[in-house]
Amino acid sequence: MKKTVSALLLLALLSGCGAQPSTPPTPNMPSNTAQNDASNTAQSDASNTSKDVFFEFTAKDFDGNDVDDSVFANTKLTMMNVWATFCNPCIKEMPDLGELAAAGGTDYQIIGVCADLDGTEDMLTVAKDIVSQTKANYLHLQPSEGLLPVLTATSAVPVTFFFDSEGKLVGQGIMGAHDKAKWEKELQARLDMVNAAEEKSDDAAQSDTDSDAEKPEESSDAAAE
């Protein structure tokens, strides 16, 4: 398979810039378990952080540096925004995303994926100019085979997905461009989901520890038998 997605394929996939599908998009990512219905579970339960679906990828940023899914570990939450140079709604929201990214700290980060890059320097220059003009000064990735799950999840851009620090999908994707206030509210909601999942995991671990501590110790005689 090709390491990059052709411009023709991407234009076909993304011809519906700004269109609203009837259901929220979910990346078609492989499950890390043997369960065949992991993707269906992620689609039907938007209120929980997915326990089974991880996003693993490799790609290059706009400067040609290698980036992989380990980038998720930088913050509690990653907002991945798929955009295109031909999409006016995408570009219109990027100044707000730039401001939000600057305020993310260790709670969240924003990563852009420019879907219509075709591997040429001319297109990359156009994308870099847009980032510069909109002050969307956060990490932007070029299309790659590893990013196909987010690139092909819907036929329209912009589309945004959220992942926790392990690369697990948090809720469902969101179609369309939104203002700063909307994204602030959404980021907080997704952070709340991540924090709730962490607390549940910690409680489960503590419960196991307490259960082990309460088990009676075998006597030396019983152990000898």
Side-chain angles (χ1 to χ4, degrees), residues 14 16-20 24-25 27 46 49 55 57 59-65 67-117 123-143 147 150-151 153-154 156-198:
L14 303 173
C17 176
Q20 296 289 339
T49 300
F55 188 20
F57 73 90
K60 290 186 179 297
D61 66 16
F62 281 9
D63 293 322
N65 301 310
V67 180
D68 61 28
D69 49 277
S70 64
V71 72
F72 291 135
N74 291 341
T75 54
K76 285 186 175 183
L77 181 75
T78 296
M79 173 179 171
M80 184 171 284
N81 177 259
V82 182
W83 62 283
T85 61
F86 60 81
C87 176
N88 288 331
C90 300
I91 297 170
K92 184 178 179 180
E93 73 173 349
M94 287 172 71
D96 284 345
L97 296 183
E99 292 180 8
L100 287 169
T106 58
D107 284 337
Y108 69 85
Q109 64 184 337
I110 299 177
I111 296 177
V113 179
C114 188
D116 63 327
L117 295 183
M123 282 295 294
L124 185 57
T125 297
V126 170
K128 287 181 176 180
D129 286 345
I130 291 173
V131 169
S132 177
Q133 291 168 13
T134 59
K135 297 182 180 180
N137 298 319
Y138 43 88
L139 177 65
H140 291 269
L141 303 178
Q142 302 181 50
L147 291 171
V150 295
L151 289 168
T154 179
V157 287
V159 59
T160 303
F161 302 98
F162 297 86
F163 301 93
D164 71 6
S165 61
E166 295 181 313
K168 288 187 285 187
L169 186 66
V170 180
Q172 291 177 304
I174 295 179
M175 282 302 310
H178 301 284
D179 61 19
K180 185 177 180 181
K182 164 69 176 179
W183 282 128
E184 283 179 328
K185 183 177 180 180
E186 197 61 51
L187 282 164
Q188 187 57 58
R190 303 299 171 120
L191 279 169
D192 289 344
M193 292 168 64
V194 170
N195 290 332
E198 289 179 351

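- Nearest heavy-atom pair, Arg190 versus Leu77, reported as atom, atom and distance to 0.1 Å: CB-CD2, 3.7 Å.
- Residue His178 holds its NE2 atom at 12.0 Å from NZ of Lys185, rounded to the nearest 0.5 Å.
- In this structure, CE on Met193 lies 10.0 Å from CG on Asp164, to the nearest 0.5 angstrom.
- A search for side-chain contact (heavy atoms from CB on, under 4.5 Å) contacts involving Thr85 returns Trp83, Cys114, Asp116, Met123, Val126, Ala127, Ile130, not counting sequence neighbours.
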Should Glu186 and Thr160 be marked as a side-chain contact (heavy atoms from CB on, under 4.5 Å) after you check the CA-CA gap, both sets of side-chain angles, and the distance that decides it? CA-CA 11 Å; Glu186 197 61 51; Thr160 303; over 6 Å; no
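- What you find for Ala177 and Glu93 is that their closest heavy atoms are CA-OE1, 3.2 Å.
- In terms of heavy atoms, Val113 sits closest to Leu147 at CG1-CD1, 4.0 Å.
- Taking the side-chain contact (heavy atoms from CB on, under 4.5 Å) definition, one finds that Asp63 meets it with Asp61, Asn65, Lys128, sequence neighbours left out.
- Scanning for side chain to side chain donor-acceptor pair (under 3.5 Å) contacts around Lys135 gives an empty result, with sequence neighbours left out.
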Enumerate donor-acceptor pairs with a distance under 3.5 Å from any side-chain N or O in residues 100-112 to protein atoms, sequence neighbours excluded.
unit_1: Tyr108; atom_1: OH; unit_2: Leu100; atom_2: O; d: 2.6
unit_1: Gln109; atom_1: NE2; unit_2: Val71; atom_2: O; d: 2.8
unit_1: Gln109; atom_1: NE2; unit_2: Thr78; atom_2: OG1; d: 2.9

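- Shortest non-hydrogen contact noted between Pro158 and Cys87 is CD-SG, 3.8 Å.
- Listed by chain and residue number, nothing satisfies the salt bridge (Lys or Arg N to Asp or Glu O under 4.0 Å) test with Glu198 (two or more places apart in sequence, or in another chain).
- Using a 4.5 Å heavy-atom cutoff, the side chains of Val170 and Phe163 are not in contact.
- Here the straight-line distance linking atom CG of Leu187 with atom NZ of Lys182 works out to 10.5 Å at 0.5 Å rounding.
- Looking at heavy atoms from C-beta onward, Asn195 lies in side-chain contact with Lys76 at the 4.5 angstrom threshold.
- With values rounded to the nearest 0.5 angstrom, Gln172 atom CD is found 12.0 Å from Phe162 atom CZ.
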For the pair Leu141 and Phe57, evaluate side-chain contact (heavy atoms from CB on, under 4.5 Å) and give the outcome as yes or no after the intermediate values. CA-CA 11 Å; Leu141 303 178; Phe57 73 90; 3.8 Å; yes
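- Taking each heavy atom of Phe72 and Phe55 in turn, the nearest pair found is CE1-O, 3.5 Å.
- Here Trp183 contributes atom CH2 and Leu97 contributes atom CG; the two are 7.0 Å apart, rounded to the nearest 0.5 Å.
- The two residues Lys168 and Glu166 come nearest to each other via the heavy atoms CE-OE1, 3.0 Å.
- Every residue was checked against the side chain to side chain donor-acceptor pair (under 3.5 Å) condition with Asn137, not counting sequence neighbours, and none meets it.
- We find the CG-CD distance between Asp96 and Glu184 to be 8.5 Å, quoted to the nearest 0.5 Å.
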